[in-house]
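Have a look at the structure below, then the notes.
Just so you know, these numbers use all the heavy atoms, side chains as well, and skip hydrogens, waters and symmetry mates.
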Amino acid sequence: MSSYKPVAIPSYPKLGEKVTQDTLYWRRYRTPVQIKEYGAVTKIDFSPEETCNYVVSASTRLHLYNKYSPEPIKTFSRFKDTAYCGTYRGDGRLIAAGCEDSVVKMFDIGGKAALREYVGHSKAVHFVDFTADKFRIVSGSDDYSSKIWDVPNGVEISTYREHTDYVRCGCASKLSDDLFVTGSYDHSVKVFDARTEQSVMTMQHEQPVESVLLFPSGGLLVSAGGRYVKVWDLLKGGQLLVSLKNHHKTVTCLCLSSSGQRLLSGSLDRHVKIYSTMNYKVVHSFDYAASILSLALAPNDEMIVVGMTNGVLNVKHRKSDAPKGSKRPVKQRPRYRTFMRGKGYVPKQDDFIVSKPVKRHLRKYDKLLRGFQVSAALDAVLETSITASTPEVTVAVMNEIDRRGILENALAGRDERQLSIILTFLIK
């Protein structure tokens with residue numbers, strides 16, 4: 001009697017992912033380091049001077065980290081309530097932050113106590129940034145206003161009250177000392193010039209604005225709110241260039257790569273999407289464990305740091321590229337016995353070969369088919385664990401039962417529930 005032959009499971013070609021230069025570039029990050037913060041991470045900002053030093057705003061603290069430290073190298077905790085938007089000045093020596101108690105505070109990275117406190121807002125301050133000349137601070141608050149402060153004297157220079165809802169985001173131009181942008185929950189994005197008494201440009205995002213970003217050239221502005229990321233041309237009077245809808249939930253943060261050729265957006269749907277700034281198509285994406293609130297890239301894209309709603313800081317470091325001039329490690333030569341008789345040894349004509357019987361381990365459905373229990377074999381391959389991950393096994397067993405001509409026997413005596421499982425699989 002011949003031995004039982006297991007059911008042959010055909011292999012089907014899988015749809016492979018298209019590998020591009022962007023795929024290879026953005027996959028060159030090591031396994032992420034997880035750092036637990038005291039609360040949701042609302043802002044991450046890299047120092048413009050000290051490479052890969054960054055400040056994290058979470059709960060009632062600002063934490064300073066360097067490239068590889070899992071623990072903060074410095075902490076600013078002189079806040080009575082939640083701290084927001086810790087931001088470096090252009091020289092990397094000062095940090096400004098807003099607070100839930102409506103005060104803007106400025107710190108020296110060498111000290112702990114606040115150097116200055118700017119009092120004037122009546123509600124929480126969610127957005128703070130330094131102007132390009134480094135002598136003024138721009139802030140936006142839940143009292144619908146945005147203010148400009150004098151850094152040395154600690155006095156208010158001017159106030160703008162054009163928004164009709166919370167001002168939750170903004171940024172100052174890196175090229176012009178006087179231009180800055182604010183985004184509000186009234187669905188508008190406004191461009192202000194500190195030399196004028198009112199806004200010089202207004203764009204309607206049509207969703208509550210969560211984040212805004214100016215390109216380094218100053219000609220393009222990106223706004224994020226709802227599920228949309230929109231790009232505006234400021235040189236054409238705020239004309240809408242493109243509207244992107246690639247996220248499933250609210251987009252909360254924006255970031256540019258060091259080259260300026262890639263735009264990154266983070267969302268509450270746990271994804272970071274990377275767009276090409278040439279055609280604004282998605283070239284890559286990252287998936288995270290929780291909803292994303294903040295995102296930042298280090299100079300030269302050495303690190304990507306993501307802050308999430310569960311208080312976890314996710315830090316990925318780029319793998320170092322081997323220098324072109326470096327030599328490959330010299331392989332060890334095989335040992336002597338490998339030359340005499342090794343794994344790839346081919347027997348000679350006079351050699352006597354001792355064959356060892358190979359014991360085959362049969363799967364559950366093969367054992368049942370061998371015992372002619374065709375109904376039980378069909379039940380075994382209709383389990384969710386098999387139909388979901390390896391449906392080709394279910395198909396192969398069905399074809400084998402049909403080839404034997406006993407398909408009717410396998411289906412006989414089944415109730416509606418059992419038949420519905422089979423029909424559901426066939427419809428899929």
Side-chain angles (χ1 to χ4, degrees), residues 34-47 53-65 72 74-88 95-107 114 121 123-130 137-143 146 165-172 181-185 208-213 222-226 229 247 249-255 264-272 288-298 303-315:
Q34 307 275 1
I35 302 171
K36 185 71 173 110
E37 285 288 349
Y38 291 93
V41 181
T42 55
K43 179 68 187 287
I44 303 162
D45 191 43
F46 275 92
S47 169
N53 276 20
Y54 56 98
V55 60
V56 174
S57 308
S59 186
T60 58
R61 293 172 170 83
L62 300 181
H63 284 159
L64 264 64
Y65 293 90
K74 195 173 190 62
T75 300
F76 299 105
S77 57
R78 304 297 175 91
F79 294 94
K80 295 178 182 177
D81 211 327
T82 308
Y84 298 111
C85 200
T87 307
Y88 277 101
I95 294 174
C99 183
E100 188 71 30
D101 63 5
S102 75
V103 178
V104 177
K105 297 189 179 186
M106 187 178 68
F107 300 89
H121 286 292
K123 290 187 179 180
V125 180
H126 282 266
F127 142 62
V128 174
D129 200 2
F130 287 93
I137 291 175
V138 182
S139 63
S141 168
D142 283 358
D143 61 9
S146 51
D165 208 334
Y166 300 154
V167 180
R168 285 293 174 92
C169 59
C171 61
V181 182
T182 59
S184 168
Y185 277 12
V209 183
E210 300 284 352
S211 181
V212 291
L213 175 70
V222 187
S223 61
V229 175
H247 287 282
K249 291 184 180 179
T250 300
V251 183
T252 55
C253 49
L254 297 169
C255 177
L264 287 78
S265 66
S267 167
L268 296 179
D269 65 4
R270 303 184 296 106
H271 286 87
V272 170
Y288 288 88
S291 298
I292 297 166
L293 287 181
S294 51
L295 165 70
L297 270 175
M303 297 164 60
I304 178 168
V305 185
V306 169
M308 293 175 275
T309 52
N310 59 359
V312 171
L313 197 65
N314 186 293
V315 184

Where V306 and I44 come nearest, the two heavy atoms and their spacing:
C-CD1, 3.9 Å
Are side-chain heavy atoms of L313 and Y65 found at a separation under 4.5 Å?
yes
With sequence neighbours left out, the residues meeting side-chain contact (heavy atoms from CB on, under 4.5 Å) with D165 are Y144, S184, Y185, D186
Taking all atoms of both residues into account, what is the closest heavy-atom pair of K36 and N310, and its distance?
NZ-O, 2.6 Å
I'd like to check the side chain to side chain donor-acceptor pair (under 3.5 Å) partners of Y288; sequence neighbours left out, ordered by chain and number.
none
What residues, two or more places apart in sequence or in another chain, satisfy side-chain contact (heavy atoms from CB on, under 4.5 Å) together with A40?
L293
Using only atom types and a distance under 3.5 Å, with no angle test, would you say the side chain of K105 pairs donor to acceptor with the backbone of R78?
yes
Test salt bridge (Lys or Arg N to Asp or Glu O under 4.0 Å) applied to K43 - qualifying residues, sequence neighbours left out
none
Could you grab the distance from atom CE of M106 to atom CD1 of I95, nearest 0.5 Å is fine?
11.0 Å
With a 4.5 Å cut-off on side-chain heavy atoms, are V251 and S211 touching?
no
Where do T42 and A83 come nearest, in terms of heavy atoms and distance?
OG1-O, 4.0 Å
With sequence neighbours excluded, tell me which residues meet ring-ring contact (aromatic ring centres under 6.0 Å, His included) with Y88.
none
Rounded to the nearest 0.5 Å, what separation is found between the CG atom of L264 and the CG atom of L213?
10.0 Å
Partners of F107 by ring-ring contact (aromatic ring centres under 6.0 Å, His included), sequence neighbours excluded?
F76, F79
Given V222 and V229, is the side-chain contact (heavy atoms from CB on, under 4.5 Å) satisfied, shown in steps?
CA-CA 7 Å; V222 187; V229 175; 3.6 Å; yes
Can you name the residues that form a side chain to side chain donor-acceptor pair (under 3.5 Å) with S141, not counting sequence neighbours?
D143
State, to 0.1 Å, how close V167 and H126 come at their nearest heavy-atom pair, and which atoms those are.
O-CB, 4.2 Å
For the OG1 atom of T309 and the CG atom of L268, what is their distance to the nearest 0.5 Å?
7.5 Å
Within this structure, what is the CD1-CG distance for the pair I304 and L295, rounded to the nearest 0.5 Å?
5.5 Å
My understanding is that only residues two or more places apart in sequence, or in another chain, count here; which of them pass side-chain contact (heavy atoms from CB on, under 4.5 Å) with T75?
R61, H63, P72, S77
What residues form a salt bridge (Lys or Arg N to Asp or Glu O under 4.0 Å) with D142, not counting sequence neighbours?
R168
Those residues that, when tested against D269, pass side chain to side chain donor-acceptor pair (under 3.5 Å) (two or more places apart)
H247, S267
If the condition is side-chain contact (heavy atoms from CB on, under 4.5 Å), which residues does S146 pass it with, not counting sequence neighbours?
Y160, F180, T182, F192
Shortest non-hydrogen contact from S294 to V41?
OG-O, 3.0 Å
Hey, does the side chain of T82 reach the backbone of E100 with a donor-acceptor pair shorter than 3.5 angstrom?
no
Minimum heavy-atom distance between L62 and S57, given as atom pair plus value:
CD2-OG, 3.3 Å
Compare all side-chain heavy atoms of F127 with those of V212 and state whether any distance is below 4.5 angstrom.
no
Contact between S139 and H121 at the side-chain level, heavy atoms closer than 4.5 Å - yes or no?
yes
Residues that H271 engages under ring-ring contact (aromatic ring centres under 6.0 Å, His included), provided they are two or more places apart:
none
